[in-house]
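Here is the structure we will look at, set down as structure tokens.
By convention in this document, chain letters (A, B, ...) are assigned in the order of the sequence lines, proteins followed by strands, and residues within each chain are numbered from 1.
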Amino acid sequence: KNEVEQSPQNLTAQEGEFITINCSYSVGISALHWLQQHPGGGIVSLFMLSSGKKKHGRLIATINIQEKHSSLHITASHPRDSAVYICAVRNYGGSQGNLIFGKGTKLSVKP
Amino acid sequence: NAGVTQTPKFQVLKTGQSMTLQCAQDMNHEYMSWYRQDPGMGLRLIHYSVGAGITDQGEVPNGYNVSRSTTEDFPLRLLSAAPSQTSVYFCASSYTFTGSNYGYTFGSGTRLTVV
């Protein structure tokens, strides 16, 4: 079983829809990261969370430490949001500090 | 501009050739790391460094070497390229290794094909 699981793997939405991407993890963490990778490959950090909720523009990220679960929400989705969204956790033990990545959720927003 | 610079962006190698992927950051970040990204898999850690002169292996280190002689640079060397090393490689850095309050900055990636 992967230590970081994302769902869904693929998501197609119509422009304007509210989108939720989920991330569950099985290890102790010091922080959780949400990353965005556009076609063409560059990876950009969207959020880093250790508790609660963060908001940036139309993006909202939440984390529930007790349930080991995080969600990334996109309100009023737009075709430019089309990308792969990657959840990664910063491991609390073992190779402390290194990220463990989910496989990503590929989002396609149609106009 | 501050950030992580990776070169080259694209590379084709023949089996058995060696090469070095360059990674440089100008943010005085303590922690640097190399990942490979393969279809259907999450990014996997190859090697990492928590400071100049200190490196350690990640999940998939075989066939790769690293060194960290300065804070800024963290090159990844392929010793004898194999088709299994065809992948997209990312370098990333963070201000500190153990702190939970610092994000990661990623390079733009190197697409490597070994034929």
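When heavy atoms are compared at a cutoff of 4.5 Å, A:Gln37 approaches chain B solely by way of its side chain, counted from C-beta outward. Contacts between A:Ile43 and chain B at a heavy-atom distance below 4.5 Å involve backbone atoms as well as side-chain atoms. No part of A:Leu49 comes within reach of chain B, as not one of its non-hydrogen atoms sits under 4.5 angstrom from that chain. Proximity to chain A (any heavy atom under 4.5 Å) is shown, for B:Gln6, by neither the backbone nor the side chain.
Two rings, from B:His47 and B:Tyr64, have their centers 6.0 Å or more apart. A ring-centre distance under 6.0 Å is not found for B:Phe74 and B:Tyr48.
Under the 30°/60° scheme for interplanar angles, the aromatic rings of B:His29 and B:Tyr95 are found to stand perpendicular.
Side chain to side chain, A:Thr20 and A:His73 meet the donor-acceptor criterion of an N or O pair below 3.5 Å. Side chain to side chain, A:Ser50 and A:Arg90 fail the donor-acceptor criterion of an N or O pair below 3.5 Å.
Highest contact tally toward chain A, considering only B:Thr105, B:Val88, B:Leu43, B:Asp56, is held by B:Leu43 [criterion: heavy-atom pairs under 4.5 Å].
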